[in-house]
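See below for the structure under consideration.
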Amino acid sequence: MKPRKDLITIESLSDEDIRTILESAVSMKEIFTKSVKKVPVLRGKSVLTLFYEPSTRTRSSFEVAAHRLSADVTTFTPSTSSVVKGESVHDTIDTLMSMKMDYIIVRHKNSGIPAVIARHCNASVINAGDGAHAHPSQAFLDAFTIREHFGAVEGRRVVIIGDILHSRVARSTSCILQRLGAQVAFMGPRSLVPPMRYTGIECLADWDAVFAWKPDVIYLLRVQNERIENPFFPAADYHHAFGVTEQRLRRIEDEGMAVMHPGPVNRGVELCDAAMEYKNCLVCNQVENGIAARMSILYHLTPGTLS
Ligand code: CP
């Protein structure tokens, strides 16, 4: 893989980049499931997590990944920083770059902020989710989880269900899965599924169409009420129309399909409680694989080079 400074989108990666990062994630998982969980690959390097939006999984797993690679990790919390006094993103980055950071992992509610930061500094910038735009590390962990469960991504059929329009996960995960040879379909509220002509992605009308399509993976998106001023549906109506209800779960179990979700799960909205206990529910595998995928991403980026 050619030296690459930043990871902003899956679209910006070559097929070789995608395959290399995914292959290395397998080796990284072998490292951290052993009794000695650390390797000195990033010893002496500084990693900063800069999350302007809340996160449980992405931030903590990037921090664990950086620790496992022996980097020094600093957590920057905007809500307790000079950001609340009005400091701009540019000035915050200048201040933090004076501390000679090598990697900056950034999440922001506005699409495009990680790319702006990447142009502004020598550190490797990793997009940990920007608005409705992209979430590339989620895409890697999703692809890794499907590959681990099925042996390969190529040829698998994955239906992504929910609010596609506002979802950075749908954008990045559908892109990586298609690049790796999977077939992807979308299903969701009609006003929240954009037209997908010429993309190779099928739009399915409802659950009957989903089951008729015979997916290997049912991937539920989180209902993102924080991005929607007026929620479109009461939770119970959403669950009835688009969620994995107990009745749908029985069919999913009978047909051995896998269930995935990026988290956090709204129980009783996207997934019924029983779906979380289903043996082919891969939500915890996704979290575990997030560490390996993020170790691999950190390992393959080169601060101070041009992407
Ligand atoms: N999947 C995901 O991005 O989760 P967090 O918001 O908890 O990081």
Side-chain angles (χ1 to χ4, degrees), residues 7-10 21-22 25 29 47-68 73-79 103-114 125-146 148-149 158 160-177 188 217-228 243-244 258-267 269-271 275-276 281-298:
L7 175 58
I8 305 298
T9 61
I10 295 298
I21 292 171
L22 211 50
K29 184 158 181 181
V47 174
L48 174 79
T49 54
L50 174 62
F51 278 56
Y52 288 86
E53 273 192 340
S55 166
T56 301
R57 280 146 283 271
T58 311
R59 175 144 99 182
S60 55
S61 75
F62 263 120
E63 291 179 354
V64 171
H67 280 298
R68 301 251 162 106
V73 181
T74 304
T75 304
F76 179 86
T77 310
S79 62
Y103 299 83
I104 299 178
I105 298 156
V106 59
R107 172 173 285 189
H108 201 283
K109 70 177 170 38
N110 294 337
S111 301
I113 293 287
V125 174
I126 301 171
N127 181 3
D130 60 334
H133 176 223
H135 195 347
S137 65
Q138 178 73 43
F140 272 107
L141 75 88
D142 288 338
F144 181 28
T145 302
I146 290 171
E148 185 179 64
H149 187 77
V158 181
I160 301 179
I161 298 177
D163 174 1
I164 308 292
L165 194 64
H166 297 93
S167 174
R168 57 196 179 204
V169 173
R171 210 173 301 275
S172 292
T173 292
S174 63
C175 179
I176 200 168
L177 294 180
V217 179
I218 307 266
Y219 191 117
L220 277 296
L221 296 172
R222 183 173 70 84
V223 173
Q224 301 179 83
N225 288 322
E226 75 277 15
R227 291 197 206 291
I228 302 169
V244 174
V259 172
M260 295 175 67
H261 188 298
V265 173
N266 296 306
R267 284 175 183 252
V269 182
E270 301 99 44
L271 297 176
M276 294 295 282
C281 176
L282 305 181
V283 172
C284 292
N285 308 54
Q286 288 171 269
V287 175
E288 183 180 350
N289 291 337
I291 297 173
R294 289 168 176 133
M295 286 169 78
S296 181
I297 290 167
L298 284 165

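Counting starts at 1 for both ligands and their atoms, following the listed order. Computed over heavy atoms, backbone and side chain alike; hydrogens, waters and symmetry mates excluded.
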Donor + acceptor pair across side chains of D142, T173 (<3.5 Å) = yes
ask   = Looking only at side chains, do E148 and N289 share a donor and an acceptor under 3.5 Å apart?
value = yes
Nearest non-hydrogen protein atom, atom 2 (C) of ligand 1 = T58 OG1, 3.5 Å
task = Would you check if the side chain of D163 reaches a backbone N or O of H166 as a donor-acceptor pair within less than 3.5 Å?
result = yes
query = Going by atom types only, do Q286 and T145 share a side-chain donor-acceptor pair under 3.5 Å?
reply = no
query = Is a side-chain donor-acceptor pair under 3.5 Å present for E53 with H108?
reply = no
inquiry  = Going by the closest heavy atom to atom 5 (P) of ligand 1, which one wins out of S61, S55, P262, G290?
reply    = S55
query = So which protein heavy atom does atom 6 (O) of ligand 1 come closest to, and at what separation?
reply = R107 NH1, 2.9 Å
message = Under 4.0 Å, counting heavy atoms only: does G263 come that close to any atom of ligand 1?
response = yes
inquiry  = Under 4.0 Å from a heavy atom of Q138: which atoms of ligand 1 are those, numbered in the order shown and with their elements?
reply    = 1 (N), 2 (C)
query = F51 ring centre to R59 NZ or CZ under 6.0 Å, with the angle to the axis within 45°?
reply = yes
task = Taking only heavy atoms of T56 into account, list the atoms of ligand 1 that are under 4.0 Å away from them.
result = 5 (P), 7 (O), 8 (O)
Minimum non-hydrogen distance to atom 3 (O) of ligand 1, winning option of R222, R57, H135, E53 = H135
